[in-house]
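Notes to accompany the following structure.
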There are 2 protein chains.
Amino acid sequence: MPAPERTLERPQAEAGTLSERAASLIEQDILAGHLAPGSRLGIVDLVQRYEIGATPLREGLSRLMSRGLIVGIGQRGFRVAEVSREDLADITCMRTAVEIEAVRLAILHGDAAWEAGIISTLHQMRRHIERTGNEFREGAADFDRLHKGFHTALLAACGSQRMLAAHSDLYDQAYRYRRVMMAAIDSGEGFIRTHQMLADHVLARDVAAAQKMLAAHLHSTIDFVYPSASREQS
Amino acid sequence: MPAPERTLERPQAEAGTLSERAASLIEQDILAGHLAPGSRLGIVDLVQRYEIGATPLREGLSRLMSRGLIVGIGQRGFRVAEVSREDLADITCMRTAVEIEAVRLAILHGDAAWEAGIISTLHQMRRHIERTGNEFREGAADFDRLHKGFHTALLAACGSQRMLAAHSDLYDQAYRYRRVMMAAIDSGEGFIRTHQMLADHVLARDVAAAQKMLAAHLHSTIDFVYPSASREQS
DNA sequence: TCGTTCTTGTTTATCGATATTTTATCTGAT
DNA sequence: ATCAGATAAAATATCGATAAACAAGAACGA
């Protein structure tokens with residue numbers, strides 16, 4: 001049998017079909033900020049950039065469109081989705097709705113493996129901060145993966161594939177805003193403490209406290225990125 | 001200038017780009033039951049069926065994939081999504097999460113126009129039942145459009161585009177199951193009364209009552225379609 | 001009976017052509 | 001002289017057909 005060929009280099013960056021690779025590549029470039037919000041995504045440019053044909057590129061673009069990172073207007077091509085306060089508020093709104101219910105269901109149905117997952121991912125996140133010190137600005141992508149892992153672990157036992165998928169999509173959409181916030185974090189102390197408390201509430205099966213803290217945690221991004229008087233109440 | 005060419009024949013069935021038309025057509029055929037759950041969606045078959053080229057068809061298929069009506073496996077083509085009790089439970093779970101929060105926000109932010117929309121759509125629905133009698137099985141598609149309009153009107157003031165879009169998608173996904181339920185409804189009396197009460201709770205700005213009734217309403221589909229002992233609690 | 005290979009049907013990707021949009025320039029009017 | 005409008009040209013997206021790659025199934029041989 002052939003060697004497994006490093007397939008775990010980047011998450012599904014080397015996936016089988018070219019359409020998926022195109023979608024993955026473009027998504028990563030948008031999330032990383034290499035493709036600025038509002039940029040025109042000309043087919044020919046992308047063909048040269050990624051060395052992928054026009055058809056699989058269009059297919060990947062179409063797939064990304066439904067994830068909210070791309071907007072495509074009829075016959076006028078694709079653009080990277082704009083960032084705005086309204087959009088972040090919308091994302092947060094939807095995230096709150098999904099996660100409030102998902103964490104409730106997870107607390108109801110969660111078993112020992114679920115609890116272990118929360119503790120494990122929280123530990124990994126703490127270790128990462130300890131290792132890299134307070135300077136996790138550079139390795140933001142790596143750290144964010146752990147952060148996403150923790151929040152996913154919180155909801156993992158909710159029993160709904162759609163909820164987990166929606167959470168994953170919304171988390172990725174919020175990443176572009178979170179990048180701004182990350183640079184403003186001075187110490188990892190408060191960050192870890194916040195998440196520790198969140199985990200404690202969840203593991204104590206305290207639905208109300210967990211929901212309240214989760215909602216506040218989600219809203220904190222808005223206040224950080226757009227520090228105007230927040231008129232959106234929970 | 002040229003004549004406007006009947007564009008309102010079916011909602012975006014004659015949309016500009018062929019990809020959208022393909023997506024719309026396939027979606028309608030899946031929802032109407034012409035394409036059975038689990039059916040293979042061979043490209044050549046679809047090309048003959050819709051007289052649309054392979055490329056826009058693939059693009060429409062990709063777009064539908066993210067809406068949950070189509071599943072596509074790597075290099076093994078596309079299939080219509082299966083129906084199952086677990087899938088319906090998943091849809092209901094997600095719908096509950098979204099609508100519970102959306103109706104809360106709508107009640108908070110809703111203005112007079114929002115109230116008027118609820119009353120108007122409820123009235124249309126009642127009139128439709130009165131006109132067609134208790135036999136709204138045949139015109140299920142028309143009636144369902146009014147039903148969707150009412151539920152959309154309930155949430156219209158939630159202020160979140162993503163929530164409204166998610167509601168629309170989930171409503172469509174549930175349509176295949178609701179078809180089964182519609183045939184079991186004997187009289188439109190209870191149906192209208194239920195929705196009248198729901199509207200009353202919402203218009204009275206009673207968040208708790210509206211949420212409770214909405215959740216029960218969503219769960220009623222599960223009990224109708226899969227009348228086994230429901231182990232999923234709200 | 002099991003493994004290998006060939007064949008067939010399928011999906012997927014590339015290329016070329018058409019129609020649409022967009023931009024820039026030119027003309028006319030204020 | 002400047003601005004608005006219209007026309008033309010260039011660029012761009014969409015579409016359809018052809019070719020290659022992949023997976024599954026069947027047949028043959030061990």
Side-chain angles (χ1 to χ4, degrees), chain A residues 1-5 7 12-27 29-30 35-36 38-67 69-82, chain B residues 1-5 7 12-27 29-30 35-66 69-82:
Chain A
M1 65 183 76
E5 290 271 346
T7 59
Q12 74 220 63
E14 315 250 343
T17 152
L18 280 189
S19 305
E20 297 173 22
R21 270 181 58 177
S24 245
L25 256 24
I26 296 172
E27 179 185 348
D29 274 350
I30 292 176
L35 292 171
S39 305
R40 270 186 54 79
L41 291 173
I43 296 290
V44 285
D45 302 343
L46 296 176
V47 167
Q48 294 176 5
R49 193 186 227 279
Y50 300 110
E51 295 177 352
I52 290 180
T55 307
L57 262 175
R58 286 191 57 77
E59 201 168 317
L61 249 18
S62 290
R63 242 175 259 195
L64 246 44
M65 221 173 70
S66 57
R67 299 196 48 186
L69 291 171
I70 299 281
V71 290
I73 327 132
Q75 257 143 335
R76 247 164 291 181
F78 300 91
R79 305 185 85 91
V80 180
E82 291 282 0
Chain B
M1 67 182 76
E5 291 267 350
T7 60
Q12 77 220 63
E14 314 249 343
T17 151
L18 281 187
S19 306
E20 297 172 22
R21 270 181 56 178
S24 245
L25 256 23
I26 297 172
E27 179 185 347
D29 273 350
I30 292 177
L35 293 171
S39 305
R40 270 185 48 80
L41 291 172
I43 297 290
V44 285
D45 301 343
L46 295 177
V47 167
Q48 294 178 4
R49 191 185 229 279
Y50 299 110
E51 295 176 352
I52 290 179
T55 307
L57 260 174
R58 284 191 58 77
E59 202 168 316
L61 249 18
S62 290
R63 241 174 259 193
L64 246 45
M65 221 174 72
S66 58
L69 290 172
I70 299 281
V71 291
I73 328 129
Q75 260 139 336
R76 244 164 294 181
F78 299 91
R79 305 186 83 92
V80 179
E82 290 282 0

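Sequence lines set the chain letters: A, B, ... in the order given, protein chains first and strands last, and positions in each chain run from 1.
The interatomic distance linking Glu51(B) (CD) with dC15(D) (P) rounds to 15 Å, in whole Å. In this structure, CD of Glu59(B) is placed 10 Å from C1' of dA13(D), rounded to the nearest angstrom. Spacing between atom CD of Glu20(B) and atom P of dA13(D) amounts to 15 Å, rounded to whole angstrom units. Nucleotide dA11(D) holds its P atom 13 Å from the CG atom of Asp45(A), rounded to whole Å. Atom CZ in Phe78(A) sits about 12 Å away from atom C1' in dT12(D), given to the nearest Å. Arg58(B) places its CZ atom 15 Å from the P atom of dC15(D), with the value rounded to the nearest Å. Rounded to whole Å, atom P of dG16(D) lies 9 Å from atom CG of Leu57(B). dC22(D) atom P lies 18 Å from atom CD1 of Ile73(B), rounded to whole Å.
Atom CE of residue Met65(B) and atom CZ of residue Arg58(B) lie 10.0 Å apart, to the nearest 0.5 angstrom.
Between Gly77(B) and Thr55(B), the residue whose closest nucleotide on DNA chain C is further toward the 5' end is Gly77(B).
Counting non-hydrogen atoms under 4.0 angstrom, Leu41(A) reaches the backbone sugars and phosphates but no base.
Checking dT12(D), dG16(D), dT14(C) against every side-chain atom of Pro56(A), the shortest atom distance belongs to dT14(C). Comparing dA13(C), dT11(C), dT12(D) by their nearest atom to the side chain of Ile43(B) picks out dT11(C). When distances run from any side-chain atom of Leu18(B) to the nucleotides dT12(C), dA13(D), dG16(D), the shortest one goes to dG16(D). With distances taken from any side-chain atom of Ser19(B) to the nucleotides dC15(D), dT12(C), dT14(C), the minimum falls on dC15(D).
Summarising the geometry of Ser66(B) relative to Ser66(A), their closest heavy-atom pair is OG-OG, 2.8 Å, with the distance given to 0.1 Å. When all heavy atoms of Val80(A) and Ala36(A) are compared, the pair lying nearest together is CB-O, 3.5 Å.
Between Arg40(A) and dA13(D), a side-chain N or O to OP1/OP2 separation shorter than 4.0 Å is present. For dA24(D), the OP1/OP2 oxygens have a side-chain nitrogen or oxygen of Arg76(B) closer than 4.0 Å.
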Take Asp29(B) and Leu25(B) through the side-chain contact (heavy atoms from CB on, under 4.5 Å) test and state the conclusion after the steps.
CA-CA 6 Å; Asp29(B) 273 350; Leu25(B) 256 23; 5.6 Å; no
Mind running side-chain contact (heavy atoms from CB on, under 4.5 Å) on Arg21(A) and Leu18(A) for me, showing each step along the way?
CA-CA 5 Å; Arg21(A) 270 181 58 177; Leu18(A) 280 189; 4.3 Å; yes
